[in-house]
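Notes to accompany the following structure.
The chains referred to below are lettered A, B, ... by the order of the sequence lines, with proteins before strands, and numbering in each begins at 1.
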Number of protein chains: 2
Amino acid sequence: MTDGVNWLTAEEQHAWRSFVRLHERLIGRLSHLLQTESQLASADYAVLVNLTDVPDGRQRYQDLARALEWEKSRMSHHLARMIRRGLVVREECADDGRGAFAVITEAGREAIAAAAPLHVQAVRSLFLDHLTAAELRTLAEVSVRVVGKLDEGA
Amino acid sequence: MTDGVNWLTAEEQHAWRSFVRLHERLIGRLSHLLQTESQLASADYAVLVNLTDVPDGRQRYQDLARALEWEKSRMSHHLARMIRRGLVVREECADDGRGAFAVITEAGREAIAAAAPLHVQAVRSLFLDHLTAAELRTLAEVSVRVVGKLDEGA
DNA sequence: GACAAGTAGTTGACGTGTCATATAGAAAGA
DNA sequence: TCTTTCTATATGACACGTCAACTACTTGTC
């Protein structure tokens, strides 16, 4: 390494590129499918899933943001768009004058009910179906470990 | 399955979510790092890497788009931005009046030369360093296989 | 109570990607 | 050659995320 840089080996480069390509394709296909078949982007889907898992389909902006690991600004922008589309409504918070709740609407419930089976089916047919159980386990382990390292600031 | 949907098991859901989270985090960190340390987004990086691998640092828009698997429109928009920033220049094509070449500039070469070691180092420290050789191999295999299936139209 | 500090959410500007459409040149057929 | 059709790139509108202010409310702390 005359230039002092520990360049990637052919295997490393291949693995890295394949991994990145996999994700781009997979997510691309999945979100395109979701969008065209159910008019929901994956971000909408994530928000709606969260809201259906919570009493009254009602959750504070900040809690939603924490749950999805989104920036509050992103949440604010995105909920504004979802409100415009009638998927959720905003409710003021009595306890805290600054706060707000997002509440899923009937239209939101219908949208997620229609989208969820599609989504699950797509995750299976585009991804899970092509992995062995052992591979899936390895993948999960690796993912958890690396995310852990990233969170430690690695 | 009374509702006819083959919902994900807890393991499948965990694996899928971890995998998605991994990618979001990893790519997020990597592009943030690249952006702040070298003023290049990963898209810029990809374009410049391609141009340095090609004679005279010169390539047709369409060939770049094919190589990166980008839509032509994306390439056109992105190159316009890179031209504005002085990383590449546009050259008309003598053979084909419709065509155009993107040519890397000196500034582009400097930018990629500065960014590449950073990028490699980050891929190592954020990702490769946390995987065993066997895991990396599995990951590459899975990635290649699934991308293959996606391309077949699965 | 008053004032500093912190917190919840908003806003606007900007870069990026997608889609649909437009323009202009190339190729193919009559 | 003339016309149809195809191809290379551009363009404009829009959705999405990020960043950096900003507003308004809350929570100390004195």
* Asked: Under 4.0 Å between a side-chain N or O of Ser76(A) and OP1 or OP2 of dG9(C)?
  -> no
* Asked: Which whole-number value in Å describes the distance from Leu79(A) CG to dA15(D) C1'?
  -> 15 Å
* Is it true that Phe19(A) and Leu150(B) fall in one hydrophobic cluster, defined by side-chain heavy atoms closer than 4.5 Å? -> yes
* Tell me which nucleotide among dA20(C), dC16(D), dT9(D) gets nearest to the side chain of Ser73(B). => dA20(C)
* To do: Please answer: with hydrophobic residues joined when any side-chain heavy atoms are less than 4.5 Å apart, are Leu51(B) and Val89(B) in the same cluster?
  => no
* Separation of dA8(D) P from Gln62(B) CD (nearest whole Å) -> 4 Å
* Measure the distance from CD1 on Ile27(A) to P on dT18(C) and round it to the nearest whole Å. => 14 Å
* Are Val49(B) and Ile83(B) co-members of a hydrophobic cluster defined by side-chain heavy atoms under 4.5 Å apart? -> yes
* With the side chain of Lys72(B) defined as its heavy atoms from C-beta on, choose the nearest nucleotide among dG17(D), dA8(D), dG9(C). => dA8(D)
* Using atom CD of Gln35(A) as one end and atom C1' of dC14(D) as the other, report the distance to the nearest whole Å. => 12 Å
* Structure fact -> From the candidates dC19(D), dC16(D), dT16(C), the one with an atom nearest any side-chain atom of Glu71(A) is dC19(D)
* Asked: Between dC19(C), dT9(D), dG12(C), which nucleotide gets closest to the side-chain atoms of Arg60(B)?
  -> dT9(D)
* Name the nucleic acid region contacted by Arg84(B), choosing base, sugar-phosphate or nothing; use a 4.0 angstrom heavy-atom cut-off, strictly under. => nothing
* To do: Calculate the interatomic distance between Glu92(B) atom CD and dA10(D) atom C1'; express it in whole Å.
  => 12 Å
* To do: Look at all strands and tell whether Ala80(A) reaches a base, only sugar-phosphate, or nothing, counting heavy atoms closer than 4.0 Å.
  => nothing
* Distance in angstrom units between Leu68(A) CG and dG17(D) C1', rounded -> 14 Å
* Asked: From dT18(C), dT9(D), dT16(C), pick the nucleotide closest to the side chain of Arg85(B)?
  -> dT16(C)
* Structure fact -> The residue, Asp44(A) or Asp95(A), whose nearest nucleotide of DNA chain D is more 5′ is Asp44(A)
* **Whole-Å distance separating the CH2 atom of Trp70(A) from the P atom of dT18(D)** => 9 Å
* **Considering all heavy atoms, the nearest Thr9(A)-Glu12(A) contact** => N-OE1, 2.9 Å
* Between His32(A) and Met75(A), name the one whose nearest nucleotide on DNA chain C is closer to the 5' end. => Met75(A)
* Asked: Under 4.0 angstrom, heavy atoms only, what part of the nucleic acid is His78(B) near: base, sugar-phosphate, or nothing?
  -> sugar-phosphate
* **Where at least one partner belongs to residues 72-109 of chain A, residue pairs that pass ring-ring contact (aromatic ring centres under 6.0 Å, His included), sequence neighbours excluded** => Trp70(A)-His78(A)
* Asked: Honestly curious: do Leu40(A) and Val123(A) fall in one hydrophobic cluster under the side-chain, below-4.5 Å linking rule?
  -> no
* Return no unless some side-chain N or O of His77(B) is found under 4.0 Å from OP1 or OP2 of dT9(D). => no
* To do: Find out whether the Lys NZ or Arg CZ of Arg90(B) is both under 6.0 angstrom from the six-membered ring centre of Tyr61(B) and within 45° of the ring's axis.
  => yes
* To do: Compare the minimum distances between each of dT16(C), dT10(C), dA10(D) and the side chain of Tyr61(A), then state the nucleotide with the smallest one.
  => dT10(C)
Are there any protein N/O atoms within less than 3.5 Å of an N/O atom in nucleotides 21-25 of chain C, and if so, which ones and at what distance?
{"unit_1": "dG25(C)", "atom_1": "N2", "unit_2": "Arg98(B)", "atom_2": "NH1", "d": "2.9"}

* **Given dG17(D), dT18(D), dG15(C), the nucleotide with the shortest approach to the side chain of Arg81(A)** => dG17(D)
* Take Asp44(B) and Arg85(B) through the salt bridge (charged side-chain N to carboxylate O under 4.0 Å, His left out) test and state the conclusion after the steps. => CA-CA 11 Å; Asp44(B) 304 322; Arg85(B) 293 161 54 209; 3.2 Å; yes
* Between dG15(C) (C1') and Leu34(B) (CG): distance, integer Å -> 15 Å
